[in-house]
Protein chains: 2
Amino acid sequence: MALSKKHIHILNQAEKLFAKNGYDATTVRDIAEAAGVNLAMISYYFGSKEKLLEALFMERMASGTLLIREINNMAHLNPWQKIQIMIDEYVNRAVQKQDFFKVMISEQVINQNPVVINYLRKIRKEYAELIGDLILQGQKEKIFCKKIDLALLLTTMTGTVKHMLINQEFYRHSLSLENMPYEKFQKILTKNLQTHIRKIFKSILGYDPQ
Amino acid sequence: MALSKKHIHILNQAEKLFAKNGYDATTVRDIAEAAGVNLAMISYYFGSKEKLLEALFMERMASGTLLIREINNMAHLNPWQKIQIMIDEYVNRAVQKQDFFKVMISEQVINQNPVVINYLRKIRKEYAELIGDLILQGQKEKIFCKKIDLALLLTTMTGTVKHMLINQEFYRHSLSLENMPYEKFQKILTKNLQTHIRKIFKSILGYDPQ
DNA sequence: AAATAATTTAAACAACTGTTTAATTTTATC
DNA sequence: GATAAAATTAAACAGTTGTTTAAATTATTT
């Protein structure tokens with residue numbers, strides 16, 4: 001389905017509501033009101049509430065896979081540099097697209113819509129294979145250690161980032177940054193997450209540049 | 001409120017449904033049917049669906065705080081040993097009480113019930129303070145490094161564990177353990193999570209026993 | 001300008017929601 | 001074994017849900 005500007009506008013509003021109140025607690029009337037359109041327009045444009053959710057996932061995830069392929073094609077970089085860039089980009093995307101990530105978490109926990117779940121699975125598999133290749137390459141070059149549990153490592157990255165999004169106010173408080181404007185805090189958050197996860201990857205991969 | 005056996009039985013069934021379908025998508029009729037009681041019994045025993053959720057959190061979290069205080073009082077252990085035990089116990093609890101942890105994640109993402117949210121906040125604060133004390137002690141003893149972002153480190157622990165619970169089938173597949181009986185896999189999962197997180201803590205804390 | 005298609009609207013729909021009621025059965029107390 | 005309390009039931013409640021309808025409006029094409 002090709003998405004018009006009106007489609008996108010409705011999706012944006014729906015995303016906000018889903019992130020805040022969850023899919024089930026968000027009514028079609030809520031979405032219509034937030035988007036400033038008539039109730040029947042949701043069915044008219046998307047067919048149903050559920051198909052709207054599917055459309056949201058298609059829309060938001062299309063860009064994700066492209067990026068990691070691009071990074072992987074940067075021929076002049078060694079495996080560690082590529083992994084580092086992938087970590088940074090993942091954190092960037094998560095922090096910038098917080099609302100969608102929250103919707104993603106909810107959907108993963110409750111696991112209802114088969115279209116969405118399959119889509120998530122596909123993306124995760126692609127991601128794991130790509131980083132798996134990079135690690136293999138690094139092991140050949142003897143800059144990574146031999147035994148690495150990739151799935152566990154990826155879980156730490158995504159788990160740390162997603163859990164941080166959910167509990168960011170706790171983190172903000174722990175750094176006593178309650179009064180900082182949000183944009184500024186967001187930058188610190190991103191930076192700290194990137195540094196932290198890079199450190200973990202370095203340690204687990206056994207990467208130790210002389 | 002003192003909980004009778006019937007209370008507990010209803011809570012157990014409700015927990016399963018909340019974990020599987022989410023709080024909002026679970027109807028009072030679903031709970032009543034699963035528990036084998038009349039619809040009106042839910043209101044009779046708990047007052048409302050929302051109060052049932054609150055009762056579930058009270059019930060499940062009461063044991064959690066006790067444990068960490070106990071560990072902290074083991075005088076013969078050094079800070080690192082205590083932290084290690086706390087990691088192990090956290091992973092144990094999470095894997096064994098998966099359903100409740102899933103309900104917890106959902107509630108943290110959508111953030112609706114004030115009683116639940118306040119309760120979660122309180123527990124997390126207690127937890128952070130205790131581990132914070134242990135880290136401070138370790139720094140005094142010069143076995144941990146000076147600059148440690150505790151909130152970030154805790155986020156990695158809880159994020160890794162929770163995200164693993166949600167995506168454990170992916171992990172099981174990545175280890176090619178699809179046909180293993182679940183109890184057996186659960187033990188491996190627990191063990192791997194513990195080892196992994198201990199490694200991360202060691203690396204971030206800079207703990208390096210000669 | 002007429003005709004056709006696309007968009008928008010208010011109203012209605014049937015099904016489902018959490019909760020309450022009042023009657024009934026079971027259990028405990030004397 | 002009578003009396004009171006507790007537990008259980010089926011039915012009804014009022015409000016909300018996602019979706020559809022058929023008419024009205026606007027935009028596009030001829």
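On a predicted model such as this, the values are computed, not experimentally measured, just so you know.
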In whole angstroms, the gap separating P of dG18(C) from CG of Leu53(B) amounts to 13 Å

Grab the N/O contacts between the protein and nucleotides 4-10 of chain C below 3.5 Å, and write none if there aren't any.
from   : atom 1 : to       : atom 2 : distance (Å)
dT7(C) : OP2    : Tyr44(A) : OH     : 3.0
dT8(C) : OP1    : Lys6(A)  : NZ     : 3.2
dT8(C) : OP2    : Tyr45(A) : OH     : 2.8
dT9(C) : OP2    : Asn38(A) : N      : 3.3

Residues pairing under ring pair (Phe, Tyr, Trp, His ring centres under 6.0 Å) where one sits in residues 48-72 of chain B, two or more places apart or in two chains, turn out to be Phe57(B)-Phe100(B)

Those residues at least two apart in sequence (or on a different chain) that pass side-chain hydrogen bond (donor to acceptor under 3.5 Å, both in side chains) with Gln194(A) are none

Report all side-chain donor-acceptor pairs from residues 69-84 of chain A shorter than 3.5 Å, counting only partners two or more places apart or in another chain.
from     : atom 1 : to        : atom 2 : distance (Å)
Arg69(A) : NH2    : Glu126(A) : OE1    : 3.1
Asn73(A) : ND2    : Arg69(A)  : O      : 3.3
Asn78(A) : OD1    : Trp80(A)  : N      : 3.0
Asn78(A) : OD1    : Gln81(A)  : N      : 2.8
Trp80(A) : NE1    : Gln84(A)  : OE1    : 2.6
Gln81(A) : OE1    : Asn78(A)  : N      : 2.9
Lys82(A) : NZ     : Asn72(A)  : O      : 2.9

In whole angstroms, the gap separating C1' of dT19(C) from CG of Leu52(B) amounts to 14 Å

Sorted by number, residues from residues 16-32 of chain B placing a heavy atom under 4.0 Å from DNA chain C are Thr26(B), Thr27(B), Val28(B), Arg29(B)

In whole angstroms, the gap separating P of dG18(D) from CD1 of Ile10(A) amounts to 15 Å

Between CD1 of Ile42(B) and P of dT8(D) the distance, given in whole Å, is 11 Å

With sequence neighbours left out, the residues meeting side-chain hydrogen bond (donor to acceptor under 3.5 Å, both in side chains) with Lys102(B) are none

note: Lys49(B), atom NZ; dT20(C), atom C1'; distance rounded to Å ~ 17 Å

Show which side-chain atoms of residues 175-182 of chain A pair as donor or acceptor with protein atoms under 3.5 Å away, not counting sequence neighbours.
from      : atom 1 : to        : atom 2 : distance (Å)
Glu178(A) : OE2    : His173(A) : ND1    : 2.5
Tyr182(A) : OH     : Gln98(A)  : NE2    : 2.6
Tyr182(A) : OH     : Gln168(A) : OE1    : 2.6

| Do the side chains of Gln139(A) and Ile148(A) get nearer than 4.5 Å, heavy atoms only? | yes

Those residues at least two apart in sequence (or on a different chain) that pass side chain to side chain contact (heavy atoms under 4.5 Å, CB included) with Ile105(A) are Val109(A), Lys162(A), Ile166(A), Ile105(B), Val109(B)

Those residues at least two apart in sequence (or on a different chain) that pass side-chain hydrogen bond (donor to acceptor under 3.5 Å, both in side chains) with Thr155(B) are none

